[in-house]
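Some notes on the structure that comes next.
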Protein chains: 2
Amino acid sequence: MPITHLPLNALRAFEAAARLGSMNAAATELGVTHGAVSRHVKALEERFGLPLFERHPRAIVPTREGAQLASELAEAFDRMQIAVSRVQPGPLTLSCSSTVMMRWLIPRLEKFKRANQTIELRLNVNYDNVDFIREEISLAIRTSIYRAPAGAVAETLIHEEIGPVCHPDYADRLGLSKPEDLLRARILGSATRPQAWTDWAAALGRPELQMTPNEVYAHFYLVIQAAACGLGLALAPRLLVDDEIRSGHLVAPLGFVAGPYELQLWIADHLRGRVDVRTTANWIRAEMRAM
Amino acid sequence: MPITHLPLNALRAFEAAARLGSMNAAATELGVTHGAVSRHVKALEERFGLPLFERHPRAIVPTREGAQLASELAEAFDRMQIAVSRVQPGPLTLSCSSTVMMRWLIPRLEKFKRANQTIELRLNVNYDNVDFIREEISLAIRTSIYRAPAGAVAETLIHEEIGPVCHPDYADRLGLSKPEDLLRARILGSATRPQAWTDWAAALGRPELQMTPNEVYAHFYLVIQAAACGLGLALAPRLLVDDEIRSGHLVAPLGFVAGPYELQLWIADHLRGRVDVRTTANWIRAEMRAM
DNA sequence: CTCTGATGTGATAAAAACTCACACGAATGT
DNA sequence: ACATTCGTGTGAGTTTTTATCACATCAGAG
């Protein structure tokens, strides 16, 4: 089949269906109905004379050839997206977790905007992996729990220091001064980082301490909020509670210790040359260093 | 612009127009009228809000952005073509010059087909560069005058030996026994390799010999044919006249000397794993070694 | 100074893509 | 156990896109 007659739209529909494992999802991504995707895939299969998916009642599974084709097509479409984005540069998009956004970025955003009035900043909330090309992400702040995906380069921002924090009165009332004291306290956990307390015990050199949360919040910033309201103890990276400690809303009765993770900056490989990306990356590095 | 709404067909039309430097040529390649291409390009320019071509009365010249976009798109489309060709492997396509085909390949083709009955062989005539991906070439036989393009790997088949050849009677009549004798003879040249006689003189260590052809043929195989008919002297690689010499139709009164070029086999990078490609490459290597 | 060869464009035809509505079949939930 | 839900396939009809045709335009070639 000559390159001049490749059924491009069908290939795109197929690639989306294979990547998402669902015609329906692909249809949503492409902004059409599932029928349209189904027809595209069928047309491709007829053209190639081989099945690209195994059809199961509620799911489709790519065949070997289908999976192979889809992954190579994905690369090709990525390149195309990059090519177009170079002549049509979108806004600079920074991705970080809701917690980093609440407790670190938003408090500094006015300052950033004042210093960089020409940079149009778009924010994206996401705490784990993200497709830099498909979602047009320029920069991401992430913990090293996750690995930077292909197409992005990672660099260390800071090594996380972690420690239990709570309302000052709460610490006084319970008399918290050594790790064992926490066993009497109300432990607050986060669904997004369930192993946080265990990590801390390990970092302390006290892995035997069983710190199972009494209460689990969906987002980490809620845990901090709950701690600040006197509901118990949160285990927080210093970075995210420093302001509250300075203002006296929180205390860290046992201080902080070096945690197992670092905070990283991920930069979209194909955007490393863009001025606004470099500027913003530098700003993030400087702000982190100033902590 | 999100990847899900890239105007793929317009991008392909634009890429072709940019590559070929002409809307008309792109239209021919795509099998549509020039108007269709023109509209696609215009739609893209409106979408991007910037011109992709400078319009001149009888020509279009890509703008800086246009050229950049086109070259990156070309890569993306190449990948797509490769991806599809992996699930839809076409026939094995061997490209060589008309002369190599006439004088080397065709005489051996029966033998090849007998030994490899399952391989569907398609032949392509071309003596210089060729786009392995776009034209779906698997293998090419070329002299090292040309460099293998990106997407192909080159390997040496043989080092060319070159020498003047003519009809036996012609050599006798003129008494050809040393290089100077040729100044009395009728020199036949080829348009595709105008420097051949000069190369030979240099290879002999006699660069002062002015061997300007008295007659120039469009194809090299015509030169050999003319020499075999007693019209004069052709300068030929031994490879291409060995059969004629063996059968007595041609003689090489001054023998052969190592020429400046080698004969190479170019293999499409993305097809190196294909069995039929490996088999055919091995056959070519073996036949060359047997010369 | 006309001819030629390339591109641009309005009107219209053709083709492609999409939607709608319904069918189907098995996992899910009560 | 059985109705429900969820995801996919498809016939018929509609909308949207793409292409064609025919003509306009322009400047350099002959």
Side-chain angles (χ1 to χ4, degrees), chain A residues 1-63 66-67 70 73 77 80 84, chain B residues 1-63 66-67 70 73 77 80 84:
Chain A
M1 170 150 22
I3 196 170
T4 52
H5 295 98
L6 288 179
L8 300 176
N9 293 311
L11 289 171
R12 170 163 60 189
F14 162 69
E15 188 278 329
R19 173 164 39 81
L20 301 170
S22 151
M23 303 251 183
N24 236 332
T28 305
E29 176 174 296
L30 297 170
V32 295
T33 59
H34 76 271
V37 175
S38 174
R39 284 181 149 72
H40 272 313
V41 171
K42 194 186 166 202
L44 266 193
E45 292 182 314
E46 279 172 6
R47 186 143 188 182
F48 292 156
L50 53 83
L52 297 170
F53 289 113
E54 282 169 22
R55 267 47 173 233
H56 296 115
R58 299 177 75 160
I60 50 174
V61 178
T63 59
L73 286 177
F77 282 117
M80 211 171 281
V84 170
Chain B
M1 167 152 22
I3 197 169
T4 52
H5 294 95
L6 287 180
L8 299 176
N9 294 311
L11 290 170
R12 170 165 58 190
F14 161 69
E15 188 277 330
R19 174 165 38 80
L20 301 171
S22 152
M23 303 250 184
N24 238 330
T28 304
E29 176 173 297
L30 297 170
V32 295
T33 58
H34 76 269
V37 175
S38 174
R39 285 183 148 75
H40 272 312
V41 171
K42 195 184 166 204
L44 266 193
E45 292 182 314
E46 279 172 6
R47 186 144 190 181
F48 293 156
L50 51 83
L52 297 170
F53 288 112
E54 283 170 22
R55 266 45 173 237
H56 296 115
R58 300 178 76 161
I60 52 174
V61 177
T63 59
L73 286 177
F77 282 117
M80 212 171 280
V84 170

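In this text the structure is predicted, and so the values were computed from the model without any measurement. Chain A is the first sequence line, chain B the second, and so forth, proteins listed ahead of strands; every chain is numbered from 1.
- An OP1 or OP2 oxygen of D:dT8 is reached within less than 4.0 angstrom by a side-chain nitrogen or oxygen of A:S22.
- A:L73 CG to A:R19 CZ: the interatomic distance, rounded to the nearest 0.5 Å, is 11.0 Å.
- With rounding to the nearest 0.5 Å, the separation of CE in A:M23 from OG1 in A:T33 is 12.0 Å.
- Across the protein-nucleic acid pair, B:L11 atom CG and D:dT17 atom P stand 16 Å apart, rounded to whole Å.
- Taken from CG in B:L8 to CZ in A:F77, the straight-line distance is 5.5 Å, to the nearest 0.5 Å.
- Taking only side-chain atoms of B:I60, from C-beta outward, the nucleotide of C:dC18, D:dA19, C:dT7 with the closest atom is C:dT7.
- Of the two residues contacting DNA chain C, namely A:A36 and A:R58, the nearest-nucleotide position lying further toward the 5' end is that of A:A36.
- For the pair B:R55 CZ and C:dT9 C1', the computed distance is 13 Å after rounding to whole Å.
- In this structure, B:F53 places its CZ atom 14 Å from C1' of C:dG8, rounding to the nearest Å.
- Between A:K42 and the phosphate of D:dG9, there is no side-chain N or O to OP1/OP2 separation shorter than 4.0 Å.
- In this structure, B:H34 atom NE2 and D:dA24 atom C1' are separated by 11 Å, rounded to whole Å.
- With salt bridges taken as basic N to acidic carboxylate O contacts below 4.0 Å, none links A:R39 and A:E45.
- Between A:N24 and A:N9, the residue whose closest nucleotide on DNA chain D is further toward the 5' end is A:N24.
- For the pair B:L44 CG and D:dT17 P, the computed distance is 15 Å after rounding to whole Å.
- Contact annotation for B:H40: backbone-only contact, meaning every heavy-atom pair under 4.0 Å involves sugar-phosphate atoms and none involves a base.
- A:H5 places its NE2 atom 15 Å from the C1' atom of C:dA16, with the value rounded to the nearest Å.
- One distance of note links CG of A:N24 with CD of A:E29; it measures 12.5 Å at 0.5 Å rounding.
- Here D:dT17 presents its P atom at 10 Å from CZ of B:R47, a figure rounded to the nearest Å.
- Within the 4.0 angstrom heavy-atom criterion, base atoms lie near A:R39.
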